[in-house]
Amino acid sequence: MQGLSPRAVRGLAYATPTAVLVTVFFLLPLLLVGQMSLSDWPLLAGDRGINTPENFTDATDSTLFWPAVRFTLLYTVIVTVVLLGLALLLALLVQESRPGAGFFRTVYFLPGALGLASASLLFWGLYSPATGPLSRILEKLGLVDDPVSFLGTPTSALLSTVFLIVWKFAGFYMLILLVGLQGIPHEVYEAARMDGASRAQIFRRITLPLLRPSIALTLLLCVTGSLLAFDQFFILTKGGPDNSTVTVVQLIYREAFQRLNLGTAAALSIIVLAVLLLLNALQFRGLRRADES
């Protein structure tokens, strides 16, 4: 390290642990997945040599691949629209410092402290037509005559899972948007009111443009998390009924641990990674254009 200043040496010392962790837990596994995607690699037999591009063709030729892609995209669109809309509404409701605002902020955020697997197990119990309370409550209220199967049809399984995700993450995204709202100077709102702007005009012309960075972050997190959905469907529906709720990540799991084919699973992982990188790049490009206009 000759020629480096003491400040540069300290900077390298601080950065080295992070660089080691990123290398060990991200770069090396990514290189291994890339190698697997190009090789015949059964789970219990190890690397049997290069077989490119069979893994990628086998992955896309699967009867479940395109239905899983369509379902994952549909789920992503529904969750993103509902979740971000509700999170923005909640953030606007608790934006002002008024009596009870702190209590409601805590209540809205509280489900986010629960792990996704734990929340999925909780809702699996709630949705159970045999032992769950929801079906019994509906029967006692006279709204239904028979036990309700919340996960028994493709549509009900999708909507029930969306409700779980919205319940769990709405408070988390609300917190991100709330931080953005509180970062908008009050003087801007006061000037707009003095100019006679209505609430709708203030929201459209001031709040939304200045909230764009927070919206971009929530959109990025929501889209990425939805495209990588696994826990909730694995616990609630197991991909059913009739493989109607199989996501792309569930396909990766099936290939790796049920069909014992790490090569095809790795090829699917590479495809998902490429799609995520493309979508994130398009989002950043769109937001950059919006900022420049």
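Reckoned from all heavy atoms, side chains included, excluding hydrogens, waters and symmetry mates.
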Would you say that more than 12 heavy atoms from the other residues, nucleotides or ligands in this model lie under 6.0 Å from the CZ of Phe56, or not? yes
Which class fits the ring pair Phe234 and Tyr253: parallel under 30°, tilted 30 to 60°, perpendicular over 60°? perpendicular
Rounded to the nearest 0.5 Å, how far apart are CZ of Phe230 and OG of Ser120? 10.5 Å
Quick one, Leu30 and Leu273 - any side-chain contact, counting heavy atoms below 4.5 Å? yes
For Trp167, I'd like to know if atom CH2 has over 12 heavy atoms of other residues, nucleotides or ligands within 6.0 Å. yes
So, taking the atom named CG in Leu32 and the one named CE in Met36, what distance separates them when rounded to the nearest 0.5 Å? 4.0 Å
Over all heavy atoms of both residues, which pair between Arg193 and Ile202 is shortest? Give the atoms and the distance, please. CG-CD1, 3.9 Å
Checking Thr245 side chain against Gly239 main chain: does a donor-acceptor pair fall under 3.5 Å? yes
Working for side-chain contact (heavy atoms from CB on, under 4.5 Å), residues Leu38 and Asn55: CA-CA 7 Å; Leu38 303 175; Asn55 289 333; 5.9 Å; no
Are Leu177 and Phe169 connected in the hydrophobic side-chain network, where two residues link if heavy atoms are under 4.5 Å apart? no
Report whether Val82 and Leu88 are members of the same hydrophobic cluster (ILVMFWY, side-chain heavy atoms less than 4.5 Å apart, transitive linking). no
Assess the side chains of Tyr127 and Ser135: does a donor N or O sit below 3.5 Å from an acceptor N or O? no
Measure from the side-chain N and O atoms of Asn261 to the backbone N and O of Thr264, and report whether any donor-acceptor pair falls under 3.5 Å. yes
Leu227/Val272 under side-chain contact (heavy atoms from CB on, under 4.5 Å): CA gap, chis, key distance, verdict: CA-CA 8 Å; Leu227 290 175; Val272 171; 6.0 Å; no
Look at the side chain of Thr57 and the backbone N and O of Glu54, then say whether any donor-acceptor pair between them is shorter than 3.5 Å. yes
Is there a donor-acceptor pair under 3.5 Å between the side chain of Glu255 and the backbone N or O of Ile252? no
Which atom names give the shortest non-hydrogen contact between Ala170 and Leu90, and what distance separates them? CB-CD1, 4.2 Å
Minimal heavy-atom distance between Val107 and Pro111, with the atoms involved, is O-CD, 3.4 Å
To the nearest 0.5 Å, atom CD1 of Ile271 lies from atom CG of Leu276 at 12.0 Å
Determine whether the aromatic ring centres of Phe71 and Phe233 lie less than 6.0 Å apart. yes
Indicate if Leu73 and Leu268 have the same hydrophobic cluster label, given that clusters are the connected sets of ILVMFWY residues with side-chain heavy-atom separations under 4.5 angstrom. yes
Are Ile184 and Leu84 connected in a single hydrophobic cluster, I mean Ile/Leu/Val/Met/Phe/Trp/Tyr linked by side-chain heavy atoms less than 4.5 Å apart? no
Treating Thr72 as the side-chain partner and Val248 as the backbone partner, does any N or O pair qualify as donor plus acceptor under 3.5 Å? yes
Quick one, Glu139 and Asp145 - any side-chain contact, counting heavy atoms below 4.5 Å? no
With a 4.5 Å cut-off on side-chain heavy atoms, are Pro241 and Pro154 touching? yes
Check whether any side-chain heavy atom of Asn243 sits under 4.5 Å from a side-chain heavy atom of Val246, and report yes or no. yes
Gly125 backbone acceptor or donor facing Ser128 side chain under 3.5 Å: no
Check whether any side-chain N or O of Arg136 sits under 3.5 Å from a backbone N or O of Thr131 as a donor-acceptor pair, and report yes or no. no
Does the side chain of Pro42 come within less than 4.5 Å of Leu262's, by heavy atoms? no
Separation of Leu181 CG from Ser214 OG (nearest 0.5 Å): 7.5 Å
Ring centre gap for Phe163 and Phe150 strictly below 6.0 Å: no
Measure the shortest side-chain to side-chain distance between Asp40 and Ile50 over non-hydrogen atoms and say whether it is less than 4.5 angstrom. no
Stepwise side-chain hydrogen bond (donor to acceptor under 3.5 Å, both in side chains) test for Tyr75 and Thr161: CA-CA 9 Å; Tyr75 168 77; Thr161 307; over 6 Å; no
Begin from the C-alpha positions of Gln35 and Asp47 and carry the test side-chain contact (heavy atoms from CB on, under 4.5 Å) through to its verdict. CA-CA 9 Å; Gln35 180 184 357; Asp47 187 4; 3.5 Å; yes
Verdict with reasoning, Leu236 to Ser160, per side-chain contact (heavy atoms from CB on, under 4.5 Å): CA-CA 9 Å; Leu236 286 179; Ser160 298; 5.8 Å; no
Could you check whether atom CG of Asp61 has more than 12 heavy atoms from other residues, nucleotides or ligands sitting under 6.0 Å from it? yes
d(Leu208 CG, Ile206 CD1) to nearest 0.5 Å is 10.5 Å
Between Pro29 and Val24 the two heavy atoms that sit nearest each other are CD-O, 3.1 Å
Distance-minimising heavy-atom pair for Tyr173 and Ala87: CB-CB, 3.7 Å
For residues Val79 and Cys222, report the shortest heavy-atom separation together with the two atoms involved. CG1-SG, 4.0 Å
Tell me if a side-chain donor or acceptor on Arg254 pairs with a main-chain N or O of Arg259 at a distance below 3.5 Å. no
Does any N or O in the side chain of Asp242 come within less than 3.5 Å of the main-chain N or O of Ser244, such that one atom is a donor and the other an acceptor? no
Are there over 12 heavy-atom neighbours, none belonging to Phe109, within less than 6.0 Å of that residue's CZ? yes
First locate atom CZ of Phe123, then atom CD1 of Ile165, and finally report the distance between them rounded to the nearest 0.5 Å. 9.5 Å
Do Leu277 and Val249 sit in the same hydrophobic cluster, where Ile, Leu, Val, Met, Phe, Trp and Tyr count as joined when their side-chain heavy atoms come under 4.5 Å apart? no
Does the side chain of Leu134 reach to within under 4.5 Å of the side chain of Val148, using non-hydrogen atoms? no
Quick one, Leu92 and Gln95 - any side-chain contact, counting heavy atoms below 4.5 Å? yes
Quick check: does any side chain N or O of Gln250 sit under 3.5 Å from a backbone N or O of Thr247, one acting as donor and the other as acceptor? yes
